[in-house]
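Remarks on the structure that follows.
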There are 2 protein chains.
Amino acid sequence: MASLPKKPAMSKDSLLPLLMAHVMAEGLGQASLRPLAKAAGTSDRMLIYHFGSKEALVSDLLTYIAGVYAGMLDAGVAASARPATRAELLTGLLAQNGDPAMQPFQMLWWEIVSGSARDLPGFRAAARGMVGKLLAWLEGQMPAGDPDPAGGARFLLAVIEGAAMLAAVGHEATAYEGLLAGGLLPT
Amino acid sequence: MASLPKKPAMSKDSLLPLLMAHVMAEGLGQASLRPLAKAAGTSDRMLIYHFGSKEALVSDLLTYIAGVYAGMLDAGVAASARPATRAELLTGLLAQNGDPAMQPFQMLWWEIVSGSARDLPGFRAAARGMVGKLLAWLEGQMPAGDPDPAGGARFLLAVIEGAAMLAAVGHEATAYEGLLAGGLLPT
DNA sequence: AAGCCAGTGTAGCACTCGCTACAGAATCGC
DNA sequence: GCGATTCTGTAGCGAGTGCTACACTGGCTT
């Protein structure tokens with residue numbers, strides 16, 4: 001016999017990817033149980049059954065999303081070529097953030113930041129974790145001979161997040177001009 | 001007799017400050033008509049009457065908030081002493097952003113950014129306007145002998161917004177270390 | 001076989017949502 | 001005067017909210 005003690009046709013683990021997909025497309029704030037359930041092929045009844053409450057569902061979902069994000073970064077570490085300069089690294093990061101494929105994630109990210117600023121349950125932890133993961137990844141991406149990889153990664157993190165925010169409000173040109181004036185982009 | 005042509009006991013102009021106060025305290029996403037009306041001393045019925053729809057109300061409210069923000073900056077221009085160096089300016093900005101009194105506004109700001117990223121009606125325009133105003137103010141605040149006030153202001157804008165985001169997710173130490181490593185803070 | 005219990009569907013509850021219909025009240029131009 | 005216009009209160013609608021009560025299945029243990 002296979003080792004299925006009961007008959008769990010669905011579980012948190014099987015639901016979370018589907019819920020994440022829906023939240024990516026529709027947003028976190030507007031997500032209510034019935035649409036979420038429909039996207040996951042279940043009923044609101046079952047979501048409450050598995051997660052206990054909507055609040056717990058959102059919290060679990062944020063944790064899951066943070067994990068997926070960490071996995072994406074880990075996968076990217078193996079694939080990407082180590083840049084030679086900070087400017088080169090920054091250019092690549094900006095290009096990646098600007099990629100249209102990343103936009104749903106960017107939208108979700110600002111919702112998470114907003115929830116974190118208001119300290120909604122689960123948001124702060126997820127945001128902290130994702131930033132921490134990004135920072136660690138960034139340290140590993142710093143150029144080989146960099147004099148201060150740890151500090152430099154933190155500096156670049158602040159800069160790219162600032163640029164991302166400006167882009168989110170339609171000031172991508174301002175961001176570019178700023179980074180240029182700061183001497184952070186290749187000449 | 002007083003000069004009341006009709007009897008406009010209330011109007012958009014009289015309502016918007018009260019609505020803004022409520023939104024500052026409670027958040028923009030959770031704001032629904034009945035609580036908003038209660039905070040403004042009216043009924044949901046009247047809010048719809050004056051603004052036409054909730055969407056229009058939010059849009060008008062964002063425009064109003066952007067105006068208030070611009071006014072605050074203008075008032076600050078007259079009062080503040082011009083800093084001598086970029087590092088000094090940045091230090092002052094960080095201190096201001098970290099001020100607990102600014103926190104309700106910071107929370108609201110990230111909600112506006114989130115709405116702008118999703119392109120909700122009115123959000124992008126308000127966010128753009130506020131950033132534009134902040135940028136202009138920042139240019140005026142740049143040190144007297146600065147070699148590139150325009151570019152420098154844009155650079156500082158990206159940096160402080162990145163630092164503000166990191167602070168919003170509980171990474172204020174990371175932001176500080178980054179700015180330090182970037183040589184942007186006084187030694 | 002008997003009982004148990006995790007898992008699931010149906011129906012519904014109490015509530016809030018944005019918005020509207022309808023009726024009054026006050027003030028205007030005529 | 002008197003209709004018209006502007007403003008405001010009461011009541012409610014239809015839809016959606018998170019969540020629950022209840023019945024029922026099917027496989028488990030004993």
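Each chain gets a letter, A, B and so on, in the order its sequence line appears, and its residues count up from 1.
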So, is Tyr49(B) near the phosphate of dC7(D), with a side-chain N or O under 4.0 Å from OP1 or OP2?
->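 For dC7(D), OP1 or OP2 has a side-chain N or O of Tyr49(B) closer than 4.0 Å.
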Residue-phosphate contact under 4.0 Å: His50(B) side-chain N/O, dT8(D) OP1/OP2 |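 Yes.
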Nearest-Å distance for atom pair [atom1]/[atom2], residues [X] and [N]:
X: Leu15(B); N: dT8(D); atom1: CG; atom2: C1'; value: 13 Å
X: Leu57(A); N: dT17(D); atom1: CG; atom2: C1'; value: 15 Å
X: Ile48(B); N: dC19(C); atom1: CD1; atom2: C1'; value: 6 Å
X: Leu36(A); N: dC19(D); atom1: CG; atom2: C1'; value: 15 Å

With the sugar-phosphate defined as primed atoms, P, OP1 and OP2, and the base as all remaining atoms, what B/S/- string results for nucleotides 9-17 of chain C, 5' to 3', for protein heavy atoms under 4.0 Å?
-> BB-B----B
Where does the angle between the aromatic ring planes of Trp110(A) and Trp110(B) fall among parallel (under 30°), tilted (30 to 60°) and perpendicular (over 60°)?
->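 Ring orientation of Trp110(A) relative to Trp110(B): parallel.
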With side chains defined as the heavy atoms from C-beta onward, is the minimum distance between [X] and [Y] less than 4.5 Å?
X: Met107(B); Y: Met24(B); answer: no
X: Leu134(A); Y: Glu161(A); answer: yes
X: Phe123(B); Y: Val113(B); answer: no

Answer yes or no: is there a donor N or O on one side and an acceptor on the other, between the side chain of Thr63(A) and the main chain of Ser59(A), under 3.5 Å?
->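 Side chain of Thr63(A) to backbone of Ser59(A): a pair is present.
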Does Ser116(B) reach the main-chain N or O of Asp119(B) with its side chain, forming a donor-acceptor pair under 3.5 Å?
->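 No, the answer is negative, given that no donor and acceptor are paired below the 3.5 Å cut-off.
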